[in-house]
Amino acid sequence: MSIKLSVVSQDPLRIDADVAVIGVPEGATTKEGILAKLEEALGPVVSRLVKREDFTGKKDQTLDLQTNGALPVHRVLLMGLGKATISDVEVRLLAAKGARTALGGKAESLTIALPEGVAHAARAAAEGVVLGAYRFTSFLTGDRIPKTNLARVTLTTTGRVSKADRDGAALGQKIGASVCIARDLINTPPNELYPEKLAKAAEDVAKANGLECKIFDKAQLTKRGMKLILAVGQGSARDPRLVHLTYKPAKPAKKKLVFVGKGLTFDSGGLCIKPAQGMEEMKGDMGGAANVVALMAAVAATKPNVEVHGIIGCAENMPDGNAYRPGDVFGSLDGKTVEIINTDAEGRLVLADCLAYARALEPDLILDNATLTGACVVALGPTVSGFFANREELAEQFRTSAKAAGESTWQLPLVEELREGLKSDWADIKHTADRWGGSITAALFLREFVGDRPWIHVDIAGPSLANKPYGIYPKGGTGHGVLTFLRLIEELS
């Protein structure tokens, strides 16, 4: 998807485009502002529509107007902004919804009016345009291939267009495209994206963005003692991989940050096989790894003054005669021995070796993200990620970053009493505990492998995949979390 995007100082109604998207604050009437302009140009039909639809600019309200040749723009989409102070989060959302609606109406050109007084509005709008216009069409043929694409987008402002506006829009496009990397990876079917291919996709992103890339194959994982990743992958005909991506700034880095992602390219549940219903969604069990690959592309675009590492553990969990079993005991890169209880709790095993590898880099922060537990979805619903932190100041930083990025997260507690359930009679630790508090005990298990390093664990099991479009997200893979992680990096740098 290639969109030609520009920023101009011009009335959005006077641009020749298929659709103009304009935000309207709550309380608007046809006596002032954009509604008055439209009334003057299109006549009393505007007042009648405003009254019939009870359009007052409330949040999530929309009003669609055809101009019928009375204005250079063919169609005007008014979107309610509500009463709240407008931030770049609302601008991104406005642009994403506008782009999605325009594309649904087969528009090829779009104009978006940037709300006044919003810092970084051009960047946020450009991000929103790319995210809203996203479609996954790699496996469509013939008549299924879309006939129209959004080719031209103009962002309009009432003031002077600065270099910062143009640079911000260009950066926003790159960041939006980076998030779409995660979406593409999640949506790719598992016969096309297996551990080796996921590692190759990460390598391709590294080459395209000037990042360092190391890939460890089965022999190297064996030599390093990453027995937990190997255990998960031993039932598959596809060998596991570990990928290590590195970004280093031009100047000496202030901090070293490590982001870890779970990359289960397909999770059948292993010998503890999942029910057939919904198993097709398990192609998305590498959402955490996809986020890390996307994040590293965004980091290369923003060039923060911190050193950033991206680590993904890639494996496929299958139930053949060589698959790992409940009751097995494996060592780990950390040195701890782990008793296997449920082979469908494989993600935390892959992450454990990745976290131990990350800890050895001696970073200032380790953040892992994974489609880890159904328990988190039960607790928080399908649109919110749960997160845990071993330092309260880290939790506050993450919470602030998520709010600034406009992504829904909620902190869950590391309840120490539940650690008792991970005690094993036959090994140093069990990898699952009782049913209750499943997302918490998963986090407690992961904590065993980070040592004393500052650490955040993000369970993206709900919002990594969407069953319908909402907000800035499409149906399918969402890339939820990437904008939060990028914001956290920018704050820490």
Side-chain angles (χ1 to χ4, degrees), residues 3-15 17 19-28 33-34 37 57 59-62 73 76-102 109-134 150 152-180 298 301-304 400-407 471-473 482-484 486-487 489-491:
I3 298 173
K4 183 180 179 182
L5 189 144
S6 59
V7 189
V8 302
S9 179
Q10 193 172 343
D11 184 343
L13 301 179
R14 300 296 167 185
I15 293 177
V19 181
V21 173
I22 303 173
V24 179
E26 188 167 348
I34 187 64
K37 279 188 178 183
K59 192 171 179 60
D60 296 328
Q61 278 190 320
T62 60
V73 69
V76 179
L77 183 66
L78 302 176
M79 303 183 70
L81 296 173
K83 288 182 178 179
T85 302
I86 307 304
S87 70
D88 55 357
V89 171
E90 283 76 30
V91 174
R92 186 190 298 115
L93 183 60
L94 174 80
K97 286 184 173 180
R100 186 184 302 131
T101 303
S109 56
L110 170 68
T111 296
I112 298 175
L114 299 177
E116 296 180 21
V118 179
H120 313 299
R123 169 178 161 175
E127 290 172 3
V129 165
V130 177
L131 296 174
Y134 174 82
L150 195 58
R152 177 170 57 87
V153 175
T154 307
L155 308 180
T156 68
T157 177
T158 55
R160 183 179 65 86
V161 177
S162 66
K163 182 177 183 299
D165 292 328
R166 290 190 292 270
D167 290 347
L171 179 59
Q173 270 192 285
K174 291 179 181 178
I175 291 170
S178 297
V179 176
C180 291
T302 54
K303 297 180 172 56
T400 300
S401 296
K403 184 176 180 181
E407 296 190 306
I472 63 172
Y473 305 115
V482 176
L483 293 175
T484 297
L486 183 62
R487 187 66 181 239
I489 291 169
E490 290 179 312
E491 293 293 331

| query | What's the shortest heavy-atom distance between Asp88 and Ala124, and which atoms? | reply | O-CB, 3.4 Å

| Quick one: are Leu486 and Thr302 in side-chain contact, heavy atoms under 4.5 Å? | yes

| Below 4.5 Å, heavy atoms only, C-beta onward: do Leu110 and Leu150 meet side chain to side chain? | yes

| Nearest heavy-atom neighbours spanning Glu491 and Ser401 | CG-OG, 4.1 Å

| query | Mind checking what makes side chain to side chain contact (heavy atoms under 4.5 Å, CB included) contact with Leu93, not counting sequence neighbours? | reply | Lys59, Lys97, Ile472

| query | Taking all atoms of both residues into account, what is the closest heavy-atom pair of Val19 and Ala102, and its distance? | reply | CG2-CB, 4.1 Å

| message | Using side-chain heavy atoms (C-beta onward) and a distance below 4.5 Å, is Val73 in contact with Pro12? | response | no

| request: Can you measure from OG (Ser87) to NE2 (His120) and round to the nearest 0.5 angstrom? | output: 11.0 Å

| Any side-chain heavy atom of Asp11 sitting closer than 4.5 Å to one from Lys37? | yes

| Hey, does the side chain of Ser9 reach the backbone of Gly159 with a donor-acceptor pair shorter than 3.5 angstrom? | yes

| task | Decide yes or no on salt bridge (charged side-chain N to carboxylate O under 4.0 Å, His left out) for Arg123 and Glu490, but give the supporting numbers first. | result | CA-CA 14 Å; Arg123 169 178 161 175; Glu490 290 179 312; 3.2 Å; yes

| said: Can you give me the closest heavy-atom contact between Gly176 and Leu131, atom names plus distance? | reply: O-CD2, 3.8 Å

| Spacing of Glu127 atom CD and Ser178 atom OG [to the nearest 0.5 Å] | 9.5 Å

| Can you name the closest pair of heavy atoms from Val91 and Ala121 and give their distance? | CG1-O, 3.5 Å

| field | Listed partners of Ala301 passing side chain to side chain contact (heavy atoms under 4.5 Å, CB included), at least two apart | value | Leu171, Lys174

| field | Pairwise side-chain contact, Val118 with Glu90, heavy-atom cut-off 4.5 Å (strictly under) | value | no

| Would you call Val130 and Val179 a side-chain contact if the rule is heavy atoms closer than 4.5 Å? | no

| Residues Glu407 and Thr484: side-chain donor-acceptor under 3.5 angstrom | yes

| message | Within the structure provided, determine whether Val8 and Ile15 are in side-chain contact (heavy-atom separation under 4.5 Å). | response | yes

| message | Under a 3.5 Å distance rule, please check whether Arg487 uses its side chain to pair with a backbone N or O of Thr400 as donor and acceptor. | response | no

| query | With distance as the sole test, does Arg100 use its side chain to make a donor-acceptor pair with the main-chain N or O of Gly471 at under 3.5 Å? | reply | yes

| remark: Heavy-atom closest pair (Ala99 atom, Ala133 atom, distance to 0.1 Å) is CB-N, 4.0 Å

| message | Rounded at 0.5 Å granularity, tell me how far CD1 in Ile112 sits from CE in Met79. | response | 9.5 Å

| Is any side-chain heavy atom of Ile22 less than 4.5 Å from a side-chain heavy atom of Leu13? | yes

| note | Between the CG atom in Leu5 and the CG atom in Leu155, the distance rounded to the nearest 0.5 Å is 4.5 Å

